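Step one of this worksheet: look at the structure below.
Being a predicted model, the structure only gives us computed values, none of them experimental.
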Amino acid sequence: MIRSADIIKAEREAHQPPQPVHPLASKAKVLLSSVFGPYAQDDKYGSRTMNPMELYHNQVTRVQGPFSLRMFHRSWGLMLIQANIEAPCVLLDFPALDRFVQEIRDNCYDIVGISSIIPNILKVRKMCELVRQYLPGATIVVGGHIANMPDLDARIDADIIVKGEGVRWFRRYLGEDEDRPIRHPMITSGIGTRNMGITFKEKPGDVAATIIPSVGCPLGCNFCSTSAMFGGKGKFINFYETGDELFDVMCQIEEAMQVQSFFIMDENFLLHRKRALRLLELMELHDKAWALYVFSSANVLRSYTFEQLVGLGISWVWMGMEGQDSKYAKLNGIDTRKLVGELQSHGIRVLGSSIIGLEEHTPENIDHAIDYAVRHDTDFHQFMLYMPIPGTPLHEELLALGKMKHPDEYDEADIHGQLMFNYRHAHITDGQEGEFLRRAFERDFEVNGPSVARIVRTTLAGWKRYKNHPNLRIRRRYAWEAKELGTAFSAAIKGIRLYYRKNITMRAKMSAILKDIYREFGLKSRLFAAIGGRYVLRKIRKEEKRLAAGWTYEPPTFYEKNNCFGDRIVPALCRFVTPRILEPRATAASANEQREPVTVG
């Protein structure tokens, strides 16, 4: 049985002493900060060229060169905290080191909160040292995935280390009502999107807004640090309990940000079936042709009909495939290749996620494992090493078995899932894992081609299938998603085709997509391809040269205050929406009763 925030809260209160409250309560001045940059370079603070502040270029399209999807994502957790406390709060996101120093040198703060992942521990240590130097009276609070490090308190000079969800923790620490409704910040899902040497001009509505309905995943895969961070198997925390609450928040953000697409940051959004189906009812009732980009496990996807998925506007899904004959219950009995093909035939783009270094992987069978993943032909493919991150069941298991490496054997800055193991694998030794991982990315790119072309192919399939659908709401959504197929994407595919003029297989793939576009969009698409294709090719070639010269991509710095900071001169004010539909708070028992049993594993 999965359990909500009320269950977790009751357990916490039964086993832990009361949380202290800051002496100034909600009058305390708060600075929240991500770790400092630059990020995409090798330096003494643990930055790595191969581990940039880019999700896709880091873990998904890393070998696709000029075709790699480049973009940044804000520190959404810090944005959520800032929007939900009454204390005056400034958020400094992606600062340079000197910019962080300037902020704490020139301003007085009572609390400094720092969020980080484990590989950035040296940056966190440095930031704590600087806070002690410039703000000796400030309370230093550290959270995020780094909080799961068992000896963190001995390695950094922080006053408080917060594990788990931060909004309610900060509210308690500031003497505020932790259970009041969660305000949702207005978040642009991706920033600075760039592909094939072209930086997109992002107008209002072009980029999805991020929505965070819940945190944690009750399926609790043994390697999942996110699930472990929020309670582990069987647990999750809902910010918006019902479809009515969620719909209200989405409507407000739709109006304020002029969007019709939403990136749903929820580890398994469709698992909360009652909420999802109520959202579908409301979308139908109010004629919302939204597009939703979601995370979902294969077994949960299979529990919905395609009519329901299409009606909900599911147009992109991140799905864990892990590996062939996986032991994970979420994949039991699921033909993932068939599922991916079916999703794509409905215009639903798929980002598949596979693991390199599972217990059964060996140098002899790794190519078979890679080929199995590549045959899925997903629109994007993430490959990650099988990594025991502190706090996860896998880490506990390998630690108990004595298989974890001693910290002297590796640098924590390199334990990010894309280079090396922090434990002794039974079959993969001597650093082979990094080469195997890169081989997987290269094989996928070599066989399936640039992800941008795959996206066009799947979007086109959806348009062809639903362009004459009897439901106008469905047609409007597919028309919105296909609006650039006959223009910009025609030029893009033509440019890619020209780039691969000497690669017979890939040229044929691009030709097939282009012919399909011509059949659907006629002369207009041919004109855009003829004129724009050469332009795109030039941009691709120029981007190749830029990358070969060592160019890296860094995010801009964001500096924002909340409403409680009065007249302080800060360039931007954080924006958020407040739920207008408030459901009665569920008791621990009733919350449990409202959930349907779910198979976990």
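- Minimum heavy-atom separation, Ala291 to Arg477: CB-CD, 4.1 Å.
- Within the structure, every pair that satisfies the ring pair (Phe, Tyr, Trp, His ring centres under 6.0 Å) test and touches residues 435-458, not counting sequence neighbours, is listed here: Phe383-Phe441.
- Atoms CD1 and OG, on Ile81 and Ser75 in that order, are 10.5 Å from each other to the nearest 0.5 Å.
- Salt bridge annotation for Arg302-Asp335: absent, with no cationic side-chain nitrogen under 4.0 angstrom from a carboxylate oxygen.
- At distances below 3.5 Å, at least one donor-acceptor pair connects side-chain atoms of Glu245 with backbone N or O atoms of Glu241.
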### Query
Taking it one step at a time, do Lys464 and Glu520 satisfy salt bridge (charged side-chain N to carboxylate O under 4.0 Å, His left out)?
CA-CA 8 Å; Lys464 290 166 62 179; Glu520 288 295 317; 5.3 Å; no

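- Judged by distance alone, the side chains of Arg62 and Ser68 never bring a donor and an acceptor atom under 3.5 Å apart.
- No donor-acceptor contact under 3.5 angstrom links the side chains of Gln64 and His57, judged on distance only.
- Under the salt bridge (Lys or Arg N to Asp or Glu O under 4.0 Å) criterion, Lys403 pairs with no residue at all, not counting sequence neighbours.
- By the ring pair (Phe, Tyr, Trp, His ring centres under 6.0 Å) test, Trp290 pairs with Phe247, Phe262, sequence neighbours left out.
- Between Asp444 and Arg454, at least one side-chain N (NZ, or NE/NH1/NH2) sits under 4.0 Å from a carboxylate O, which counts as a salt bridge.
- Taking CD1 of Ile474 as the start and CD of Glu307 as the end, the distance is 8.5 Å to the nearest 0.5 Å.
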### Task
Please assess Glu359 against Lys327 for the test salt bridge (charged side-chain N to carboxylate O under 4.0 Å, His left out), listing each intermediate value before the final yes or no.
CA-CA 11 Å; Glu359 294 98 327; Lys327 66 182 180 181; 3.0 Å; yes

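- For the 3.5 Å distance criterion, the side chains of Tyr240 and Asp248 fail to qualify, holding no donor opposite an acceptor.
- The shortest heavy-atom contact between Met196 and Ala492 is CE-CB, 3.7 Å.
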#### Entry: Verdict with supporting geometry, Glu446 and Arg443, salt bridge (charged side-chain N to carboxylate O under 4.0 Å, His left out)
CA-CA 5 Å; Glu446 175 187 342; Arg443 187 82 54 78; 5.2 Å; no

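- A distance of 6.0 Å or more separates the ring centres of Tyr478 and Trp463.
- Using modelled atom types and a 3.5 Å distance limit, the side chains of Tyr372 and Asp367 yield no donor-acceptor pair.
- For Arg48, the salt bridge (Lys or Arg N to Asp or Glu O under 4.0 Å) partners at least two apart in sequence or on another chain are Asp411, Asp414.
- A donor-acceptor contact shorter than 3.5 Å is absent between the side chain of Glu433 and the backbone of Met420.
- Side-chain atoms of Ser189 and His73 include no donor-acceptor pair closer than 3.5 Å.
- Of the possible polar contacts, none joining the Arg74 side chain to the Ile187 backbone as a donor-acceptor pair under 3.5 Å is found.
- Classified by interplanar angle (parallel below 30°, tilted 30° to 60°, perpendicular above 60°), the ring pair Tyr56/Trp316 is perpendicular.
- No hydrogens or angles considered: nothing links the side chains of Asn332 and Asn299 as a donor-acceptor pair under 3.5 Å.
- Within the 3.5 Å criterion, the main-chain N or O of Thr362 finds a donor-acceptor partner in the side chain of Asn365.
- Checked for salt-bridge contact, Arg438 and Glu435 miss the test: no charged N lies under 4.0 Å from a carboxylate O.
- To the nearest 0.5 angstrom, Arg278 atom CZ is 7.5 Å from Leu285 atom CG.
- Ring-centre distance between Phe239 and His184: not below the 6.0 Å cut-off.
- The closest donor-acceptor contact from the side chain of Thr378 to the backbone of Phe380 lies under 3.5 Å.
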Throw together a table of side-chain donor-acceptor distances under 3.5 angstrom for residues 346-354, partners on residues two or more places apart or in other chains.
{"from": "His346", "atom 1": "ND1", "to": "Tyr466", "atom 2": "OH", "distance (Å)": "2.6"}
{"from": "Arg349", "atom 1": "NE", "to": "Ser315", "atom 2": "O", "distance (Å)": "3.1"}
{"from": "Arg349", "atom 1": "NH2", "to": "Ser315", "atom 2": "O", "distance (Å)": "3.4"}
{"from": "Arg349", "atom 1": "NH2", "to": "Ser315", "atom 2": "OG", "distance (Å)": "3.2"}
{"from": "Arg349", "atom 1": "NH2", "to": "Glu481", "atom 2": "OE2", "distance (Å)": "3.1"}
{"from": "Ser353", "atom 1": "OG", "to": "Gln382", "atom 2": "OE1", "distance (Å)": "2.5"}
{"from": "Ser354", "atom 1": "OG", "to": "His381", "atom 2": "NE2", "distance (Å)": "2.8"}

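- Applying the ring pair (Phe, Tyr, Trp, His ring centres under 6.0 Å) criterion to Phe72, with sequence neighbours excluded, gives Tyr553.
- Residues Asp287 and Arg476 are paired through a salt bridge, judged by an N-O separation under 4.0 Å between the basic side chain and the carboxylate.
- Nearest heavy-atom pair across Ile356 and Ala440 is CD1-CB, 4.1 Å.
- Interatomic distance, Met265 CE to Leu80 CG, rounded to the nearest 0.5 Å: 12.0 Å.
- Checking Ser214 against Arg275 by side-chain atom types alone, a donor-acceptor pair falls below 3.5 Å.
- Defined by atom type and a distance below 3.5 Å, a donor-acceptor pair is present between the side-chain atoms of Asp379 and Gln344.
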